[in-house]
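Each ligand, and each atom within it, is numbered from 1 in the order the structure gives. Just the heavy atoms: all of them, side chains too, but no hydrogens, waters or symmetry mates, feed the values below.
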Amino acid sequence: MTAQLIDGNALSRQLRADVTARVTALKARGITPGLAVILVGENAASQVYVRNKVKACEDTGMHSVLERWPATMTEAALLARVDALNADPTIHGILVQLPLPAHIEAQKVIEAISPAKDVDGFHIASAGALMTGMPGFWPCTPYGCMKMLESIGYELKGKHAVVIGRSNIVGKPMALMLLQQNATVTICHSGTPDLKAMTLQADVIVAAVGKRNVLTADMVRPGAVVIDVGMNRNDEGKLCGDVDFEGVRQVAGWITPVPGGVGPMTITMLMVNTLESAERLVA
Ligand code: GUN
């Protein structure tokens, strides 16, 4: 069996076309959705990510502001910028790119963002809303994974989903979203003694560890859906995920590639969250 691909680029194009149409409609009512992105320091990967986020805003007709600050910026100065953006009526989403320099407490900065503008979904209020099933912003990466499952018409009710990784940004919110759709959810992590025993029971596997070859063909039940959140480099410097793609695709029913899978979906869901933040003003 060779798995069918879930194409994150194609799905992103579809979803972004819908976002663009809704941005146009909102503009006709006098509101241009606006995203502010704050980058502190010179992290090379972060520079690429923020460029892509700003470009996605341009492509969908949204307003965007990119603030670049030196790594020496103080925590107090950053908190003051967040406050100013909280009060700025042209800004509907605020994103502080992580990681931040070590002298700045990231969670403190995240908590300073107004929950109404927390389009990353990292604020404790957003996390609490997800946990309790209340309205709020969902973190973009697991939200994008849910959209990928939806795009193949996958019914999660009654299925066993295994999430590998327990980060606040992906693993934990992913598990809650799957649970909300009535999957039976197992979260595995570095302290799980027999990962393979768990993944072999899974109908859906989400790998979100940040390490190559965490999931290999012998760990996957035939026909399972495999979502690869990883973004790593192999020995030749090529982008690869957490999943041994060539091996696992021989066993799985569906699989997301890296690149061209979850990656583009993350930015797409950021556009969706920013748009919906602005749409709430006229709802
Ligand atoms: N760094 C890596 N991914 C992300 C993300 O989704 N949001 C923010 N703010 N920083 C990140």
Heavy-atom side-chain contact between Ser114 and Ile94 under 4.5 Å: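 Result no, sub-4.5 Å side-chain heavy-atom pair not found.
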Counting C-beta onward and ignoring hydrogens, is there a side-chain heavy-atom pair between Met265 and Leu15 closer than 4.5 Å?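 In short, these two side chains touch, coming nearer than 4.5 Å.
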Which atoms of ligand 1 have any heavy atom of Leu95 under 4.0 Å away?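 Per the distance check, 9 (N).
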Heavy atoms only: which of Asp120, Leu270, Leu98 is nearest to atom 9 (N) of ligand 1?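 Answer by nearest heavy atom: Asp120.
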Quick one: do Asp235 and Arg212 make a salt bridge, cutoff under 4.0 Å?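 Salt bridge present between Asp235 and Arg212.
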Does Lys117 make a cation-pi contact with Phe137 (under 6.0 Å, within 45 degrees of the axis)?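 No, Lys117 does not lie over the aromatic ring of Phe137.
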Distance-only N or O hit between ligand 1 and Gln97, under 3.5 Å: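 Among all N and O atoms of Gln97, at least one is under 3.5 Å from an N or O of ligand 1.
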N/O to N/O below 3.5 Å, does that happen between Val96 and ligand 1?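 Yes.
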